[in-house]
> 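The structure under discussion is supplied below as structure tokens; questions concerning it will follow.
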Amino acid sequence: MRKIASISVVVPVFNEQGSIETLFNEILKVCVQNKYSFEIIFVDDGSYDNTREVLLTKCAPIKYIRLRRNFGQTAAMDAGIKASKYEYIVTMDGDGQNDPADIPKLITYLEENNLDVVSGWRRHRKDNFFKKIASRCANLLRRIIVRDHIHDSGCSLKVYRKICFENINLYGEMHRFIPGLLRIKGFKVGEIVVNHRPRKSGKTKYTWKRSIKGLLDMITVWFWHKYAVRPFHLLGSFGILSLTIGAFFGVWTVILFISGQSLTNNFHPMVAIAFLIVGLLLFVFGLMSDMLTRIYFGSKIDMPYSIKEVAEVAQVDKEL
């Protein structure tokens with residue numbers, strides 16, 4: 001007999017008063033019907049509409065976490081993940097476009113294939129044209145740079161084993177690249193097609209600014225994958241290249257000097273000095289980066305967000 005799963009459902013929300021009650025009821029229905037041991041965590045990312053009032057008066061049982069201001073979806077997700085207590089962590093958007101009915105399918109796929117992460121793939125997206133194009137371009141770049149081997153890392157509907165988030169802090173727009181980060185650490189990642197629904201209330205938080213931030217974070221993930229624990233390999237390689245070029249121009253300068261040619265209007269000496277100095281600096285920076293990396297991995301990193309309020313609303317009877 002298969003063991004009944006225990007899950008923490010983490011839902012970051014920002015100004016979603018029109019969708020969260022319906023979304024909560026859908027999540028609750030799935031958890032009760034599948035007999036999960038569960039908790040539902042809503043993280044309010046500094047909403048200024050009636051999101052807080054709806055959650056605390058119409059949704060139970062929930063754990064409610066409110067951030068002091070709008071820190072972004074990644075920060076809200078990180079706060080919810082750190083507050084979770086069960087074996088599996090399910091993340092999803094608060095706008096109602098992710099379908100809670102897909103949660104059992106994600107969990108089953110994870111268990112049957114002995115995976116650590118299963119990401120939803122919104123193969124048939126219900127977004128506007130701009131958002132679809134932006135997402136496809138971002139996914140193409142992600143496959144080239146991050147190489148996480150999944151189609152739709154931007155889909156928030158995912159299930160993780162809780163162990164995945166030991167010693168991991170999320171920041172920036174990193175929630176899109178969690179599968180890539182976890183794959184780097186050796187976790188097994190899978191993907192299945194999930195339902196994607198049109199937004200029925202509120203407005204999208206996806207803007208061109210988020211696209212730029214996501215691109216920069218993508219580059220960060222690439223660097224982390226390649227050189228996080230060995231930055232001297234990168235900087236040292238460029239240092240050797242620079243020193244080699246500098247040495248070549250230096251030797252050429254000496255040859256010109258010995259042959260009696262005037263060096264007054266010759267650029268070779270300046271090029272040699274410049275490349276030699278840059279090469280030495282890269283070596284020094286590489287060694288310093290190695291030392292900073294050791295300090296980073298041995299220290300506790302401060303959180304990039306602040307929690308204002310934590311509340312738990314008790315169970316109430318609901319018609320399912």
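Along the sequence shown, the residues carry numbers beginning at 1. Side-chain atoms are counted along with the backbone in the values below, which use heavy atoms only and exclude waters and symmetry mates.
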> Same cluster or not: are I245 and L243 linked, directly or through other Ile, Leu, Val, Met, Phe, Trp or Tyr residues, by side-chain heavy atoms under 4.5 angstrom apart?
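I245 and L243: separate clusters.
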> Do V117 and C164 come within less than 4.5 Å of each other through their side chains, counting heavy atoms only?
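In contact.
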> Please list, chain by chain and in numerical order, all residues satisfying side-chain hydrogen bond (donor to acceptor under 3.5 Å, both in side chains) with S119, sequence neighbours excluded.
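With neighbours one apart ignored, the set is empty.
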> Going from CG on N98 to NE2 on H196, what distance comes out if it is rounded to the nearest 0.5 angstrom?
6.0 Å
> Any chance you could measure L157, atom CG, to I103, atom CD1, to the nearest 0.5 Å?
6.5 Å
> Please confirm whether the backbone N or O of K85 pairs with a side-chain atom of E39, one donor and one acceptor, at under 3.5 Å?
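Confirmed, E39 side chain pairs with K85 backbone.
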> Ignoring hydrogens and geometry, is there a side-chain-to-backbone donor-acceptor pair from D93 to D95 under 3.5 Å?
no
> When you compare the side chains of N195 and D102, does any donor N or O come within less than 3.5 Å of an acceptor on the partner?
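The criterion, which ignores hydrogens and geometry beyond distance, is not satisfied for D102 and N195.
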> Where do R52 and E309 land on the side chain to side chain contact (heavy atoms under 4.5 Å, CB included) test, with the steps shown first?
CA-CA 11 Å; R52 179 180 182 276; E309 176 185 6; 2.9 Å; yes
> Below 30° counts as parallel, above 60° as perpendicular, anything between as tilted: where do the rings of W252 and H268 land?
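W252 vs H268 ring planes: tilted.
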> Just so I know, are the side chains of T244 and I240 near enough to count as touching, which here means a heavy-atom distance under 4.5 Å?
yes
> Between D99 (side chain only) and A101 (backbone N and O only), is there a donor and an acceptor less than 3.5 Å apart?
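Checked: pair present.
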> Compare all side-chain heavy atoms of Y48 with those of F14 and state whether any distance is below 4.5 angstrom.
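In contact.
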> For a 4.5 angstrom cut-off between non-hydrogen side-chain atoms, does L56 reach V313?
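They are in side-chain contact.
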> Is the number of heavy atoms from other residues, nucleotides or ligands within 6.0 Å of CZ (F165) greater than 12?
yes
> Taking atom CD1 of I65 and atom CD1 of I41, what is their separation to the nearest 0.5 Å?
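The CD1 atom of I65 sits 5.5 Å away from the CD1 atom of I41.
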> Give the intermediate values and the outcome of side chain to side chain contact (heavy atoms under 4.5 Å, CB included) for residues V118 and L115.
CA-CA 7 Å; V118 176; L115 299 170; 3.8 Å; yes
> Whether the side chain of E191 engages the backbone of H151 through a donor-acceptor N/O pair (distance < 3.5 Å, no angle test) should be reported.
yes
> Return yes if some donor-acceptor pair links the side-chain N/O of T91 with the main-chain N/O of V10 below 3.5 Å, else return no.
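No; judged by distance alone, with no hydrogens or angles, the pair does not exist.
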> Give a yes-or-no answer on whether the side chains of Y88 and E111 include a donor-acceptor pair shorter than 3.5 Å.
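Yes, E111 and Y88 have a side-chain donor paired with an acceptor closer than 3.5 Å.
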> State, with a plain yes or no, whether a side-chain heavy atom of V189 is found less than 4.5 Å away from one of I150.
yes
> Treating N25 as the side-chain partner and E21 as the backbone partner, does any N or O pair qualify as donor plus acceptor under 3.5 Å?
yes
> Could you tell me whether the side chain of D45 reaches within less than 4.5 Å of the side chain of V13, counting heavy atoms only?
no
> Please determine whether residues I258 and V251 belong to a single hydrophobic cluster, defined as Ile, Leu, Val, Met, Phe, Trp and Tyr linked transitively by side-chain heavy-atom distances below 4.5 Å.
no
> What distance do I107 atom CD1 and I7 atom CD1 have between them, rounded to the nearest 0.5 Å?
4.5 Å
> Hydrophobic clustering (ILVMFWY, side-chain heavy atoms < 4.5 Å, transitive) - are Y109 and W121 grouped together?
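W121 and Y109: separate clusters.
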> Any donor-acceptor pair under 3.5 Å linking the side chain of K63 with the backbone of A83?
yes
> List in chain and number order the residues that pass side-chain hydrogen bond (donor to acceptor under 3.5 Å, both in side chains) with D44, two or more places apart in sequence or in another chain; answer none if no residue qualifies.
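Applying side-chain hydrogen bond (donor to acceptor under 3.5 Å, both in side chains) to D44 gives S47, Y64, R66.
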> Any non-hydrogen side-chain atom of L28 less than 4.5 Å from a side-chain atom of F38?
yes
> Check for me, please, whether I89 and I168 land in the same ILVMFWY cluster - side-chain distances under 4.5 Å, paths through other members count.
yes
> Could you state the interatomic distance from CD (Q17) to OG (S19), rounded to the nearest 0.5 Å?
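It comes to 9.0 Å.
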> Mind checking whether K105 and I192 have side chains closer than 4.5 Å, heavy atoms only?
yes
> Please determine if E53 and K58 form a salt bridge, counting it only when a charged side-chain N lies under 4.0 Å from a carboxylate O.
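So E53 does not pair with K58 through a salt bridge.
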> Just jot down the side-chain contact (heavy atoms from CB on, under 4.5 Å) partners of I277, sequence neighbours excluded, or say none.
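Per chain and number, I277 pairs via side-chain contact (heavy atoms from CB on, under 4.5 Å) with I273, L281.
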> Would you say L282 and F249 are hydrophobically clustered, going by side-chain heavy atoms of ILVMFWY under 4.5 Å?
no
> Going from OH on Y36 to OH on Y86, what distance comes out if it is rounded to the nearest 0.5 angstrom?
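Answer for the OH-OH pair, Y36 versus Y86, is 14.0 Å.
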> Is it true that the NZ or CZ of R183 lies under 6.0 Å from the centre of F187's six-membered ring and within 45 degrees of the ring axis?
no
> Using a strict 4.0 Å threshold on nitrogen-to-oxygen distance, state whether R197 and E26 make a salt bridge.
yes
> Assess whether side-chain hydrogen bond (donor to acceptor under 3.5 Å, both in side chains) is satisfied between E87 and S8, documenting all intermediate values.
CA-CA 8 Å; E87 177 185 11; S8 298; over 6 Å; no
> Quick one, V194 with C155, criterion side chain to side chain contact (heavy atoms under 4.5 Å, CB included). Give me CA distance, side-chain angles, the key distance, then yes/no.
CA-CA 9 Å; V194 295; C155 178; 4.3 Å; yes
> If we check salt bridge (Lys or Arg N to Asp or Glu O under 4.0 Å) with D116, which of these qualifies: R161, K188, K162?
R161
